[in-house]
Amino acid sequence: MSANMSSEIEKVVTILKQGGIILYPTDTVWGIGCDATNANAVQKIYKLKQRQDSKALICLVNNYSMLERHVDNVPNMAYNILDIADQPTTVIYDAPAGVAENLIAEDNTLAIRIVKHKFCEKLIKYLGRPLVSTSANISGQPTPKSFEEISEAILKGVDYVVNLQSENKNAKPSTIIKLSNKGEVKIIRE
């Protein structure tokens, strides 16, 4: 890990542990994030995005172990889907656990992605908790495909902007699959 990435991770972990919200590069598009266990920080993101908190946000985890800590029962099919996925894939699980209540959808589900992105993986590892990830736009506006497209309102509304380039040149949101404990599979976004 580069010295620059190490120092960014140290700064960001401190901000997240204090309930701050960040703008950061992910394995898909630039994201707005916070500690997924902090309800006040999650509320700040809903407010910044001007989004109703009934519209759930995505969580990032860094491995299966963290996923299993935050979902009561990970269906076997989820492992199969994630093992063959060739692009970032977010899965909506039933019965999430150990995250902020205002992150959980009304139907008691939570969208979680195991992130494959060096900065995000390290950040989550050092934070020791899932990270909220939502596109860096006001609700209803187009998702920015690059840092340059992020609005001034978002840039000014976060507590910290991560000072690293995105590794992702053709940024697009992740595929989203809803997987119920009853074995139902539904593709929400390709």
Side-chain angles (χ1 to χ4, degrees), residues 8-9 11-12 15-16 18-62 85 87-93 96 99-107 109-121 123-124 127 129-178 186-190:
E8 279 300 294
I9 286 173
K11 281 183 216 165
V12 173
I15 289 163
L16 293 171
Q18 293 169 347
I21 62 175
I22 60 166
L23 179 64
Y24 65 110
T26 74
D27 55 339
T28 59
V29 295
W30 275 80
I32 302 170
C34 69
D35 172 351
T37 66
N38 184 325
N40 290 333
V42 171
Q43 191 55 46
K44 285 185 196 175
I45 290 178
Y46 285 124
K47 188 174 178 193
L48 175 60
K49 284 188 64 89
Q50 299 169 24
R51 184 173 176 167
Q52 296 173 340
D53 62 10
S54 60
K55 285 199 72 175
L57 303 171
I58 292 173
C59 272
L60 302 181
V61 296
N62 63 343
Q87 64 187 34
T89 301
T90 301
V91 178
I92 301 172
Y93 298 92
V99 295
E101 282 292 314
N102 56 347
L103 206 49
I104 299 170
E106 290 174 346
D107 63 354
T109 59
L110 180 61
I112 301 176
R113 183 164 75 248
I114 297 176
V115 74
K116 291 175 175 52
H117 180 271
K118 196 173 181 180
F119 172 76
C120 290
E121 286 179 71
L123 176 58
I124 293 165
L127 180 63
R129 300 178 199 131
L131 191 61
V132 167
S133 182
T134 181
S135 55
N137 61 322
I138 304 294
S139 242
Q141 300 293 316
T143 298
K145 304 255 186 280
S146 66
F147 184 82
E148 293 71 32
E149 292 180 19
I150 298 170
S151 75
E152 199 65 29
I154 296 294
L155 292 169
K156 286 189 161 112
V158 296
D159 296 305
Y160 187 73
V161 177
V162 172
N163 189 19
L164 293 172
Q165 295 298 311
S166 176
E167 302 163 14
N168 203 349
K169 298 298 173 230
N170 54 353
K172 65 179 193 144
S174 67
T175 297
I176 299 178
I177 299 171
K178 187 168 188 173
K186 184 177 179 188
I187 295 174
I188 306 291
R189 179 173 71 200
E190 285 189 59

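All values below were derived from every heavy atom in this structure, side-chain atoms included, with hydrogens, water molecules and symmetry-related copies excluded.
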Pair His117-Leu60, side-chain contact (heavy atoms from CB on, under 4.5 Å): steps then yes or no: CA-CA 11 Å; His117 180 271; Leu60 302 181; over 6 Å; no

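Rounded to the nearest 0.5 Å, atoms CD1 (Ile22) and CD1 (Ile45) are 8.5 Å apart. Ile32 contributes atom CD1, which lies 7.0 Å from atom OG of Ser135 (distance to the nearest 0.5 angstrom). The distance from atom NZ of Lys44 to atom CG of Asp159, rounded to the nearest 0.5 Å, is 5.0 Å. Rounding to the nearest 0.5 Å gives a distance of 9.5 Å between CG of Asn137 and CG of Leu48. The CG atom of Leu131 lies 8.0 Å from the SG atom of Cys59; values are rounded to the nearest 0.5 Å. One distance of note links CD of Glu152 with CD1 of Ile154; it measures 11.0 Å at 0.5 Å rounding.
Within the 4.5 Å cutoff, the side chain of Ile150 has no heavy atoms near those of the Val161 side chain. Between Ile21 and Lys47 the shortest side-chain heavy-atom distance does not fall below 4.5 Å. Between Thr134 and Tyr46 there is no side-chain heavy-atom pair separated by less than 4.5 Å.
Looking at every heavy atom in both residues, Thr90 comes nearest to Ala111 through CG2-CB, 3.7 Å. The two residues Asp35 and Leu127 make their nearest non-hydrogen contact at CA-CD2, 4.4 Å. Nearest heavy-atom pair, Ser133 versus Arg113, reported as atom, atom and distance to 0.1 Å: OG-NH2, 4.4 Å. Tyr24 and Cys120 get closest at one heavy-atom pair: CE1-SG, 3.7 Å. Val162 and Trp30 make their closest contact through O-CH2, 3.8 Å (heavy atoms, listed as atom of the first residue, atom of the second, distance). Taking every heavy atom of both residues into account, Ile104 and Val99 meet most closely at CG1-CG2, 3.9 Å.
When the options Val29, Thr26, Thr28 are evaluated for a side-chain contact (heavy atoms from CB on, under 4.5 Å) with Ser174, the one that passes is Thr28.
The main-chain N or O of Lys145 is found under 3.5 Å from a side-chain atom of Glu149 such that the two form a donor-acceptor pair.
Salt bridge present: Lys11 and Glu8 bring a charged side-chain N and a carboxylate O closer than 4.0 Å.
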